[in-house]
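Note that the structure is predicted; figures quoted are calculated from it, not measured.
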Amino acid sequence: MTMLGRYRVDDRLGEGAMADVYRAHDPDIGRTVAIKVLKPDFARDPDIAARFLREARAAGALSHANIATIYDVGETQGAAYIAMELVDGQPLDVVLQNQGRMPYERVLAIGQQLAAALAYAHRAGVVHRDIKPSNILLSADGQTAKLLDFGVARIGEMDQATADRQFAKTQVGQLIGTPRYMSPEQALGLPVDQRSDLFSLGVVLYEMITGKVAFPGTALATLAIQIAQEKVEPIDRSAGDCPPGLRFIIDKLLSKKPEQRFADGDALAAALAREIAAQGEKPAGKRGLPLRLKLPLALVAVTAAALFACVTTTLGRERQTLEHMAIVSGKSTAAFVTNNAAVLAAENAGLPADQQDWSALQAFAVSASRDPAIRDLVVVDSSGTVRAAGDARLVGRPYVQPTGEPLMEAVDGAQVAAAADRGRGAGIRFLQPIRYAGAEFGRVDLVVKRTALDAALGSARTSLLALSGVVMLVVLLIGYLSGAMVARPLGRLRRALDEAGNNGFALRISHRRRDEFGAAFDAFNRAAAAVEPQLAETDEGEAAVLATRIAPSRRAA
């Protein structure tokens with residue numbers, strides 16, 4: 001077959017129970033599509049052909065990212081066909097056959113997409129009725145799932161007689177395919193609703209997480225009995241890494257009674273979203289520290305980081321302020337020395353070397369050097385010879401310009417730099433030119449000690465660290481008391497949840513709290529009041545199974 005109506009058939013993609021699938025090209029809009037053509041044996045039956053086309057009408061009204069889009073439906077050359085979106089990927093049953101069981105993270109992601117697709121279809125009044133791996137396509141990257149083949153779907157608005165006739169045909173169609181994914185209602189020939197789709201999806205999720213079919217029977221009668229009456233093999237036997245929350249979701253989907261499953265696809269999608277969010281949380285590992293210790297330690301860590309930033313910033317600004325004050329004070333001293341030396345330096349500059357007299361300037365330098373704040377003082381003439389110094393041994397020698405000291409700042413022409421001398425301590429050097437009547441006659445090299453500056457910084461550092469220590473102790477105490485206040489009501493709620501699974505929720509939490517924990521206790525009491533009568537209506541065995549299922553799920557939550 002090369003043409004089907006206006007479609008050019010390129011190649012065959014696969015074969016289903018009732019139809020063949022081809023890759024085709026729509027020349028009207030230049031789009032590649034998948035064409036599903038009813039097999040000749042079924043095309044001759046007008047009822048089956050009508051049902052086949054009803055699939056397209058049911059799904060054609062649906063537009064969802066996880067539902068394969070129906071483009072066209074019709075009959076030509078005696079063959080009924082459906083033109084639909086061509087998904088580049090593989091059916092889920094082929095993926096499972098090739099890869100085996102899937103990681104639970106991927107099961108959660110695909111399950112959430114399928115739940116969203118079913119929720120959308122159910123809100124539109126469409127029940128799929130044929131959820132199975134071969135009707136689920138995974139994209140080439142394996143990240144996107146598409147639900148297709150609403151082959152036995154029906155719009156909710158129809159009379160009961162029509163529904164019964166269509167349901168009978170549904171059963172024929174399913175027996176032609178596979179009944180392994182039917183719900184108990186379908187297996188027993190009872191009316192179905194959207195919860196039947198949820199059971200079938202639960203069977204698919206079970207197979208994805210375990211790599212095994214939920215109901216392994218081969219004969220139709222055996223499968224019907226297993227689906228309607230028997231429990232599936234526990235998931236943890238085949239998938240020990242499956243989270244408890246996902247096990248609970250699948251077990252709930254596989255409940256034999258529809259009312260015990262999720263109410264609809266939206267409720268299932270919400271449950272899967274919560275489980276995905278829970279898996280995204282940082283693993284707690286083993287039990288670890290109790291809350292009354294973790295909370296204060298966390299508060300102390302945050303407070304310590306904040307205090308470190310504040311103390312560092314404050315000390316930096318304090319250092320800048322004190323250094324600026326020291327520079328201003330040192331500059332005043334250097335200017336004083338320079339002014340006293342200016343006249344004498346100018347007079348001596350005009351005399352021969354043997355007539356120059358620097359003794360008065362030397363006496364002044366010695367006297368000034370006795371100031372505890374001054375470490376070094378040198379006066380140099382315009383020829384670069386030391387004429388006065390606190391250290392008399394330097395007088396008459398050539399002046400050596402200090403090197404390797406980074407410039408701190410310039411103040412009114414004076415150079416200010418850090419000065420370090422092994423054994424004599426750190427200081428601040430001022431290189432002040434000697435000017436008189438607009439001419440320069442030498443310079444003054446003055447080094448002021450940093451002792452007072454460093455002592456002030458040390459005192460400020462000690463005070464800030466002591467204050468930080470007091471603050472951290474206070475925060476630690478407050479955090480411990482807060483953790484204890486939170487841990488006690490949480491412990492009550494945890495114990496109540498543990499006990500609820502064993503006594504059928506026949507307990508209530510008494511309290512007088514008016515805070516959020518009081519609201520949580522009230523919510524527990526309301527939940528227990530709603531669940532207890534339902535458990536009482538079941539027999540003892542069903543109650544025990546349900547209680548053991550609720551208790552671990554509550555603890556996991």
Side-chain angles (χ1 to χ4, degrees), residues 17-18 47-48 50-52 54-59 61-62 64 67 111 114-136 147-207 213-215 217 220-232 249-269:
M18 300 178 62
D47 291 336
I48 294 180
R51 172 197 153 199
F52 178 77
R54 189 170 60 250
E55 167 189 346
R57 297 188 180 95
L62 304 178
H64 190 273
I67 296 177
L114 296 175
L118 286 178
Y120 173 81
H122 294 164
R123 286 195 300 270
V126 178
V127 181
H128 190 289
R129 291 185 154 206
D130 197 19
I131 303 295
K132 55 188 177 183
S134 59
N135 281 342
I136 299 170
L147 185 59
L148 61 132
D149 239 10
F150 280 72
V152 288
R154 64 178 174 87
I155 303 294
E157 302 298 330
M158 64 174 62
D159 61 84
Q160 187 60 44
T162 303
D164 291 342
R165 289 196 302 272
Q166 291 179 350
F167 180 76
K169 295 166 186 174
T170 292
Q171 300 307 306
V172 173
Q174 286 177 332
L175 293 180
I176 292 174
T178 172
R180 195 176 303 280
Y181 302 92
M182 288 191 302
S183 66
E185 307 93 272
Q186 289 174 298
L188 297 174
L190 300 175
V192 302
D193 57 18
Q194 70 274 7
R195 293 171 295 184
S196 175
D197 284 348
L198 299 185
F199 182 93
S200 299
L201 180 56
V203 178
V204 173
L205 296 179
Y206 179 94
E207 187 171 341
V213 295
F215 305 105
L220 293 178
T222 303
L223 273 175
I225 293 174
Q226 289 179 344
I227 292 172
Q229 299 180 8
E230 296 181 7
K231 297 290 185 181
V232 298
I249 290 173
I250 296 176
D251 287 341
K252 188 174 180 65
L253 288 172
L254 295 180
S255 299
K256 304 300 182 183
K257 297 180 180 181
E259 61 271 15
Q260 294 178 351
R261 302 170 202 151
F262 291 97
D264 50 37
D266 285 315
L268 172 59

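- Minimum interatomic distance between I67 and Y120 (heavy atoms only, all atoms of both residues): CD1-CD2, 4.0 Å.
- Closest non-hydrogen pair, R261 versus S255, comes out as NE-O, 2.9 Å.
- Interatomic distance, I249 CD1 to L198 CG, rounded to the nearest 0.5 Å: 12.0 Å.
- Residue K256 holds its NZ atom at 7.5 Å from CD1 of I227, rounded to the nearest 0.5 Å.
- To the nearest 0.5 Å, atoms OG (S200) and NE2 (H128) are separated by 9.5 Å.
- Heavy-atom minimum distance, A119 versus G265: CB-C, 3.5 Å.
- When all heavy atoms are compared, the tightest approach of I250 to G202 is CG2-O, 3.9 Å.
- For the atom pair L114 CG and D197 CG, the distance stands at 11.0 Å (nearest 0.5 Å).
- L201 contributes atom CG, which lies 6.0 Å from atom CG of L268 (distance to the nearest 0.5 angstrom).
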F199 and L254: side chain to side chain contact (heavy atoms under 4.5 Å, CB included), yes or no, with the steps?
-> CA-CA 5 Å; F199 182 93; L254 295 180; 4.2 Å; yes

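- Without hydrogens or angle criteria, K132 side chain to V204 main chain gives no donor-acceptor distance under 3.5 Å.
- A donor-acceptor distance shorter than 3.5 angstrom exists from the side chain of N135 to the backbone of D130, with no hydrogens or angles considered.
- Summarising the geometry of Y181 relative to I131, their closest heavy-atom pair is CB-O, 3.3 Å, with the distance given to 0.1 Å.
- Of all the heavy atoms in A121 and L62, the pair that sits closest is CB-CD1, 3.9 Å.
- Within the 3.5 Å criterion, the main-chain N or O of R129 finds a donor-acceptor partner in the side chain of Q186.
- Atom-to-atom distance recorded for R123:CZ and D266:CG is 4.5 Å, nearest 0.5 angstrom.
- Using a distance-only test at 3.5 Å, with no hydrogens or angles considered, no donor-acceptor pair links the side chain of R180 to the main chain of L223.
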